[in-house]
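Computation of the quantities below employed the complete heavy-atom set of this structure, encompassing side-chain atoms and omitting hydrogens, waters and symmetry-equivalent molecules. Letters A, B, ... mirror the listed sequences (proteins, then strands); counts begin at 1.
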2 protein chains.
Amino acid sequence: MSVLNVDKFQPGLSVDCVILGFHHNELKILLLKLKDLERWALPGGFVEKEEDVDKAAVRILRERTGLKNIFLQQFHLFGNVDRNEEAYADILLEKGIVDKELYDWLDQRFVTVGYYALVEYSRVEAPTPDYFSESCEWCSLSNLPNLWLDHGRILEKAHETLKRQLNYQPIGLNLLPPRFTMPELQALYETILGKTLDRRNFQRKMMGYGILIRTGERRTGGAHKSPWLYEFDEEKYRQGLADGLNAGW
Amino acid sequence: MSVLNVDKFQPGLSVDCVILGFHHNELKILLLKLKDLERWALPGGFVEKEEDVDKAAVRILRERTGLKNIFLQQFHLFGNVDRNEEAYADILLEKGIVDKELYDWLDQRFVTVGYYALVEYSRVEAPTPDYFSESCEWCSLSNLPNLWLDHGRILEKAHETLKRQLNYQPIGLNLLPPRFTMPELQALYETILGKTLDRRNFQRKMMGYGILIRTGERRTGGAHKSPWLYEFDEEKYRQGLADGLNAGW
DNA sequence: CCAAAAGTGTTCTACCTACACCCATGG
DNA sequence: CCATGGGTGTAGGTAGAACACTTTTGG
């Protein structure tokens, strides 16, 4: 038996997670530095034979971040034949990181299901690398390292999906701390959308959704007027997720 | 070798297509009547080992309908373990429709990728059943037969996706005949959305998108005022598909 | 007291909604 | 000629965009 018991996995099927956090007004993504290769990969894994694909994504997220009960959404299946072209398994075999059995497993064609998760940056205490990687770190979306295979494309697609969903779904819960200011929420939107928004219109629009509660407190210590602290009305937030915010038509 | 050479297919992976057409002001879906079972299935198939998943979907659509160059969109992967529960393969083996090799192939766990296609009803001349089905027919969405496995759920998800996409994507090309009237287009929207829309506002909104061209001609023969015939400005239509119609934010 | 950030209000416009009205056609 | 469906116009409301103004805070 290899270091990984490949028999328990569904062949040819993998899951990759785009795990996004928000820190210092920047979108961060959790990436794995592959062993003996100057490339980084999305946290991913295989699907057990008796495991739902959605459950596998949840498990992988938990294994890397320790987090549970996180908003995790499937967004696309990547199924091109040529997506596995890179000969990384050869290097792994050469270096003795994998044995022949695992090599053969890795060498097959894989299709991968992309999931994205929005997590609170500070709640991820010790990101854990997997067997194929030497470290697991937050990287800035604006300054990405060299990504493995089609992982750049997967990330791009996740980002597109996220942008579109911003139009009809609430966002921020599990991405921001439990209490946050309106400028912080706005900065999140601006970062995801890649453009600036009007402060005052943003405030009105967000309040109009009815998913925010203004707590009585303010964030003090900043160099200027202290902003109010808000929290999500989780009940209404979930309803917004389910029903959509801007129905249209 | 079986009737199907299963060796050439990627194990555990299938594609199912929700093929929608529009006829007599009703949405129709192309379904297969399974042999020796009072159940119907979505047109589907397996993915060849050297074939992109998207290409497989195109191939399956072509095999059933003869159509090419159709709007075909992946919308979800269905990956629960329990989705294959039904013991249909047992019946097929019993009746001698499949041999042991094919039986074993069918008996494995499958995850399936859902695609939906919008096609012009009248252009599908002779829908062709596959090896497992005895007929291939258009069924009315409002009066569905008993569906196999989770195909009802897959259809539902396709319909949800379609409804949402109506808010930011044009629709109608390849679903309506090349020339159509505004009431016909409206009927399509109403059918998909499951609600009535205001005639006059609909017209203004659609014209506002700039994807329609009013031809000089009218449809005569109807019992009342003859409506104008329109066609899509395919250039702008495609641009609308790519960029979205209502960007939002 | 000043600069900069945060909160609130106002105007203008565009679009959506809900209608009223006119025109064509076949029976 | 009339019932019905199709085409066009218009008034009111609502929401988004683009503003100005006030308030608070640390330095």
Side-chain angles (χ1 to χ4, degrees), chain A residues 24-25 163-164 166-170 172 176-177 179-191 193-231 240 243-249, chain B residues 24-25 163 166-168 170 172 176-177 179-191 193 195-231 240 244-249:
Chain A
H24 284 150
N25 279 357
K163 268 194 204 175
R164 235 186 315 108
L166 227 51
N167 283 310
Y168 55 91
Q169 285 196 339
L176 294 170
R179 297 180 151 205
F180 51 89
T181 67
M182 194 61 82
E184 281 165 0
L185 182 61
Q186 182 178 342
L188 171 62
Y189 270 73
E190 289 182 340
T191 307
L193 294 169
K195 63 173 163 185
T196 58
L197 301 170
D198 184 279
R199 203 163 41 88
R200 303 149 274 196
N201 297 331
F202 180 81
Q203 187 139 165
R204 227 196 332 270
K205 184 157 180 163
M206 285 310 301
M207 291 311 285
Y209 289 151
I211 56 172
L212 291 178
I213 300 170
R214 178 188 281 182
T215 68
E217 295 169 50
R218 292 158 175 274
R219 163 147 313 153
T220 57
H224 305 289
K225 180 169 180 176
S226 343
W228 293 103
L229 285 170
Y230 294 83
E231 53 191 26
D243 305 342
L245 291 174
N246 264 346
W249 289 103
Chain B
H24 284 150
N25 279 357
K163 269 194 204 176
L166 227 50
N167 283 309
Y168 55 90
L176 294 171
R179 299 181 149 205
F180 50 89
T181 67
M182 194 60 83
E184 282 165 0
L185 182 60
Q186 181 177 344
L188 171 61
Y189 270 73
E190 289 182 340
T191 307
L193 294 169
K195 62 174 163 184
T196 58
L197 301 169
D198 185 281
R199 203 164 42 90
R200 301 148 278 194
N201 297 332
F202 180 81
Q203 187 139 168
R204 226 195 331 271
K205 183 156 182 164
M206 285 310 301
M207 290 312 284
Y209 289 150
I211 56 171
L212 291 179
I213 299 170
R214 179 189 280 181
T215 69
E217 296 169 48
R218 294 160 175 273
R219 163 147 312 154
T220 57
H224 305 288
K225 179 170 182 177
S226 345
W228 293 103
L229 284 170
Y230 294 84
E231 52 191 27
L245 290 174
N246 263 343
W249 287 106

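Taking atom CE on B:Met207 and atom P on D:dG7, their separation rounds to 11 Å, with Å as the unit. To the nearest angstrom, P of D:dG7 lies 14 Å from CE of B:Met206. Taking atom CE of residue A:Met182 and atom P of nucleotide C:dA5, one finds them 18 Å apart after rounding to whole Å. When the C1' atom of C:dG7 is taken as reference, atom CZ of A:Arg218 falls 8 Å away, rounded to whole Å. Atom P of nucleotide D:dT25 and atom NZ of A:Lys225 are separated by 8 Å, given to the nearest angstrom. Between the OH atom of B:Tyr230 and the P atom of D:dG6 there is a distance of 12 Å, rounded to whole Å. Counting to the nearest Å, the P atom of C:dG7 and the CZ atom of A:Arg219 are 11 Å from each other. Going from atom CG of B:Leu185 over to atom P of D:dG7 covers 12 Å, rounded to whole Å.
When atom types are taken as modelled, the side chain of A:Gln203 and the backbone of A:Met182 share no donor-acceptor pair closer than 3.5 angstrom. Put simply, the side chain of B:Arg179 never gets that close to the backbone of B:Leu229: no donor and acceptor are under 3.5 Å apart. Distance alone, capped at 3.5 Å, places no donor-acceptor pair between the B:Glu231 side chain and the B:Thr215 backbone.
Each of A:Ala223 and A:Asn201 has a nearest nucleotide on DNA chain C; the 5'-most of these lies closest to A:Ala223. Projected onto DNA chain D by closest heavy-atom contact, A:Asp198 and A:Gly222 fall at different nucleotides, the more 5' of which corresponds to A:Asp198.
Regarding contacts with the backbone of C:dA6, every side-chain N or O of A:Gln203 stays at 4.0 angstrom or more from both OP1 and OP2. Within the 4.0 Å cut-off from OP1 or OP2 of D:dG16, at least one side-chain nitrogen or oxygen of A:Lys205 is found. Here B:Ser226 reaches the OP1 or OP2 of C:dT25: one of its side-chain N or O atoms lies under 4.0 Å away.
Nearest to the side-chain atoms of A:His224 among the listed nucleotides D:dA3, C:dC19, D:dT25 stands D:dT25. Here C:dT8 is the nucleotide among D:dT24, C:dC19, C:dT8 with the atom lying nearest to any side-chain atom of A:Arg200. In this structure, of C:dA6, D:dA18, C:dT17, it is D:dA18 that holds the atom nearest to the side chain of A:Arg204. Considering only side-chain atoms of B:Arg199, the nucleotide from D:dA17, C:dA5, D:dG6 that sits closest is D:dG6. Comparing C:dA18, D:dT25, D:dG7 by their nearest atom to the side chain of B:Trp228 picks out D:dG7.
Summarising the geometry, atom CZ belonging to A:Arg164 is positioned 11.5 Å from atom CG belonging to B:Asn167; distances are rounded to the nearest 0.5 Å.
Residue A:Gly208 is out of contact with every strand shown, counting any heavy-atom pair closer than 4.0 Å. A:Arg214 comes within contact range of the sugar-phosphate backbone alone, with a heavy-atom separation under 4.0 Å but no base atom that close.
Here the closest heavy-atom approach between residue B:Met206 and residue B:Ile211 is recorded as CE-CD1, 4.4 Å.
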